[in-house]
Amino acid sequence: MGLIASLCFVLQGSKKIVGVLYKGGEHAAQNPGFVGWVENALGIRGWLESLGHRYVVTDDKDGPDCGQFALINNTHHFTSITLTSVTLTDHACHPGRARAELEKHIGDAHVLVTTPFHPAYVGADRIGRANNLELLLTAGIGSDHSDLPAPRSRAATPCRAVGGEWDLAAVAHRAYDLEGKTVGTVGAGRIGRLLLQRLKPFGCTLLYHDRLRVDAALEEELGAAFEEEVDAMLPKCDVVVLNIPLTDKTKGMFDKEKIAKMKRGVIIVNNALGAIMDTQAVADACKSGHIAGYGGDVWYPQPPPKDHPWRYMPNNAMTPHISGTTIDAQLRYAAGVKDMLERYFKGQDFPEPNYIVKEGKLASQYQ
C-alpha cells in the first residue's frame with residue numbers, strides 16, 4: 001500500500017497550493033496553536049515543502065475596492081470539499097482595479113485552501129482563470145455564506161455589551177427562563193442534533209424541522225418532535241434556531257412574511273448564515289418588538305458596512321464571525337486540511353460527508 005501511495009504521488013508531481021488566511025499580526029507569535037493565519041499558515045508549510053509542493057499564503061483575496069459577490073450554485077469539474085461546508089460564489093471585482101495577490105496565483109494553483117472567516121470565493125469568473133484548479137478546501141464551517149471583506153478595510157464588527165451602567169431593571173424587564181419554553185431548530189443535521197442534545201436537560205419542549213426525519217431511536221433520545229412543515233412549527237416556538245446551509249432555496253428564506261408567522265416576542269438565534277435572513281425584515285421586526293431578540297455570529301455581508309441595519313437595531317446580540325476560530329478549532333481544521341491534502345496527493349477518496357461537489361454534482365443537502 002505504501003508503494004502504491006508513493007507511486008501515486010510521483011505520478012501526480014509537485015502541486016501548487018494557495019492558502020487565503022487572515023493576518024495574525026502581533027498576535028501570531030503569542031500562541032503556538034494560533035495556526036489559522038497567514039504567518040503560521042495552518043502549520044503545514046514545512047510538511048508541504050518537504051513533499052516538494054509549493055505553498056503560497058496570502059490574506060489579499062479581493063484587491064482594493066472589490067467586494068460585490070452573488071451566491072450561485074454552479075457546479076464545476078473540480079473537487080470541492082470541506083471539513084464541513086463549502087459553496088461557490090461569483091467574484092465580481094470591477095476591471096481596471098489593482099489585482100489581488102490571489103489573482104496572481106489562481107491561474108496555476110492546483111489547490112485553494114481558505115477559511116469561512118476570510119473566504120476566497122470561487123465562482124464563474126475565477127473558475128475561468130483557474131486553469132489547473134483541482135481541489136477547493138474550506139477549513140471550517142459555513143464558508144457558503146457571502147463574506148465581503150476587503151483587505152483595505154479591517155474595521156471590527158461591533159459586539160453588543162453592557163457598558164458602564166448597572167441598570168438591572170433595563171435587563172430584567174425582558175428576561176425569561178429557558179426552562180419550559182418551546183425551542184425549534186430549522187435544520188437537524190450534525191449541528192442541529194447537537195443543539196437538541198444540549199437543550200434536553202433544560203426542560204424545554206423541543207421541535208425540529210428538516211428535509212429528512214431522524215430515525216425513531218435518535219428522535220426518542222433527543223426528546224424532540226418532528227415538524228414536517230416549517231411554517232407550522234414557527235408559531236409554536238418561543239425560540240427559533242437556524243441550523244441550515246445556504247442554498248438558492250434558503251437564501252433570504254426568513255423574510256417579512258416568514259417572520260410574521262412567528263410568535264410576537266420570539267427569540268431568533270442564527271447559527272447558520274447571515275444571508276438566510278432578510279436583513280431589513282429582521283431590523284424592522286426587532287424595532288417593532290415582534291422579534292424580542294436576534295443573536296448571531298454571522299452577517300451579510302461580512303464585515304458589515306457602517307450603515308448595516310443590524311449594527312443599530314435594538315435587541316440584538318451580534319458578534320463578529322469568530323465562533324469557529326478558537327485556538328482549539330484552528331488546530332482541528334489545520335489537522336483536517338492536512339488530512340485532506342494527504343488523501344488528495346495519494347489519489348484517495350475523501351469521506352463522503354466532506355464532499356459538497358463531487359463529479360459535477362452537489363451533495364444532496366445543498367440541492
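In what follows, residues are counted from 1 in the order of the sequence shown.
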Please check if L199 and M233 belong to a single hydrophobic cluster, counting links between Ile, Leu, Val, Met, Phe, Trp and Tyr side chain heavy atoms closer than 4.5 Å.
no
Side-chain touch Y300/L273, heavy atoms, less than 4.5 angstrom:
no
Under 6.0 Å between ring centres: does that hold for F345 and H53?
yes
Would N243 and N271 count as a side chain to side chain donor-acceptor pair (under 3.5 Å) if you check the C-alpha gap in whole Å, the side-chain angles of each, and the deciding distance to 0.1 Å?
CA-CA 6 Å; N243 295 293; N271 287 337; 3.1 Å; yes
Indicate the atoms forming the closest heavy-atom contact of V282 with I291, along with that distance.
O-CD1, 4.2 Å
Determine the minimum heavy-atom distance between I276 and P245, stating which atoms define it.
CD1-O, 4.1 Å
M340 and L137: which non-hydrogen atoms are nearest, and at how many Å?
CB-CD2, 3.5 Å
Which residues satisfy the side-chain hydrogen bond (donor to acceptor under 3.5 Å, both in side chains) test with K236, sequence neighbours excluded?
E227
If you round to the nearest 0.5 Å, how far is CE of M253 from CG of D255?
9.5 Å
Would you say L207 and V240 are hydrophobically clustered, going by side-chain heavy atoms of ILVMFWY under 4.5 Å?
yes
Evaluate the side chain to side chain donor-acceptor pair (under 3.5 Å) criterion for residues N270 and Y294: first the C-alpha distance (whole Å), next the side-chain angles of each, then the deciding distance (0.1 Å), finally the verdict.
CA-CA 8 Å; N270 187 354; Y294 179 84; 3.1 Å; yes
Which residues share a side chain to side chain contact (heavy atoms under 4.5 Å, CB included) with F202, sequence neighbours left out:
L178, C204
Verify, without hydrogens or angle tests, whether K181 (side chain) and D177 (backbone) share a donor-acceptor contact under 3.5 angstrom.
yes
Should V230 and M277 be counted in the same cluster of Ile, Leu, Val, Met, Phe, Trp and Tyr side chains packed under 4.5 Å apart?
yes
Are E228 and R213 within salt-bridge range, i.e. N to O under 4.0 Å?
no
Donor-acceptor pair, distance only, cut-off 3.5 Å: does the side chain of E179 make one with the backbone of G203?
no
Run the numbers on L133 and H110 for side-chain contact (heavy atoms from CB on, under 4.5 Å), then give the verdict.
CA-CA 4 Å; L133 189 62; H110 297 92; over 6 Å; no
Sub-4.5 Å side-chain heavy-atom contact between I44 and L341
yes
Hey, what do you get for CD1 (I268) to CG (L242), rounding to the nearest 0.5 Å?
7.0 Å
side-chain contact (heavy atoms from CB on, under 4.5 Å) evaluation trace for V111 with V18
CA-CA 6 Å; V111 180; V18 177; over 6 Å; no
So how far is it from K346 NZ to E342 CD, rounded to the nearest 0.5 Å?
5.5 Å
Do V38 and T58 make a side-chain contact, defined as non-hydrogen atoms from C-beta onward lying under 4.5 Å apart?
no
Salt bridge present between D328 and R332 (N-O < 4.0 angstrom)
no
Is there a donor-acceptor pair closer than 3.5 Å between any side-chain N or O of K200 and the backbone N or O of L206?
no
Please determine if E39 and K23 form a salt bridge, counting it only when a charged side-chain N lies under 4.0 Å from a carboxylate O.
no
Return yes if some donor-acceptor pair links the side-chain N/O of T247 with the main-chain N/O of T250 below 3.5 Å, else return no.
yes
Residue pair L218 / D215: nearest heavy atoms and the distance that separates them:
N-OD1, 2.9 Å
For C286 and M313, the nearest pair of non-hydrogen atoms, with its separation, is SG-SD, 4.0 Å
Atom of A224, atom of Y208 and distance for their closest heavy-atom approach
CB-CD2, 3.8 Å
Find out whether T115 and L21 are in side-chain contact, i.e. whether some heavy atom of one side chain is under 4.5 Å from a heavy atom of the other.
yes
Sub-4.5 Å side-chain heavy-atom contact between V266 and V239:
no
Determine, for E257 against K261, whether the closest basic-nitrogen to carboxylate-oxygen distance falls under 4.0 angstrom.
no
Sub-3.5 Å donor-acceptor pair from the side chain of E103 to the main-chain atoms of A100, do we have one?
no
When you group the ILVMFWY residues by side-chain heavy-atom contacts below 4.5 Å and let the links chain together, are V186 and F226 in the same group?
no
Side chains of R54 and L48 in contact at under 4.5 Å (non-hydrogen atoms):
no
Going only through I, L, V, M, F, W and Y residues with side-chain contacts under 4.5 Å, is there a path from M318 to V269?
no
For the pair H308 (side chain) and P303 (backbone), establish whether a donor and an acceptor sit closer than 3.5 Å, ignoring hydrogens and angles.
no
Gap between atom CD1 of I259 and atom CG of D284 - 0.5 Å precision
8.5 Å
For a 4.5 angstrom cut-off between non-hydrogen side-chain atoms, does F254 reach L234?
yes
Are any side-chain N or O atoms of Y55 and backbone N or O atoms of A41, one a donor and one an acceptor, separated by less than 3.5 Å?
yes
Under a 3.5 Å distance rule, please check whether S14 uses its side chain to pair with a backbone N or O of G52 as donor and acceptor.
yes
Using only atom types and a distance under 3.5 Å, with no angle test, would you say the side chain of T185 pairs donor to acceptor with the backbone of A188?
no
State whether D278 and K258 are salt-bridged, where the test is any N-O pair (Lys NZ or Arg NE/NH1/NH2 against Asp/Glu carboxylate O) under 4.0 Å.
no
Quick one: pull up CD1 in I106 and NZ in K16 and give me the separation to the nearest 0.5 Å.
9.0 Å
What residues, two or more places apart in sequence or in another chain, satisfy side chain to side chain contact (heavy atoms under 4.5 Å, CB included) together with A292?
R174, I267
Just how far is it from atom CG of D349 to atom OH of Y344, taken to the nearest 0.5 Å?
14.0 Å
Do side-chain atoms of R129 reach the backbone of G107 as a donor and acceptor pair under 3.5 angstrom?
no
Hey, is K263 close enough to D238 for a salt bridge, meaning N to O under 4.0 Å?
yes
Verdict with supporting geometry, R45 and V57, side-chain contact (heavy atoms from CB on, under 4.5 Å):
CA-CA 9 Å; R45 181 180 296 281; V57 182; 3.6 Å; yes
Is the shortest heavy-atom distance from the side chain of I17 to the side chain of V56 under 4.5 Å?
no
Run W310 and N316 through side-chain contact (heavy atoms from CB on, under 4.5 Å) and show every step you take.
CA-CA 7 Å; W310 293 358; N316 85 74; 5.9 Å; no
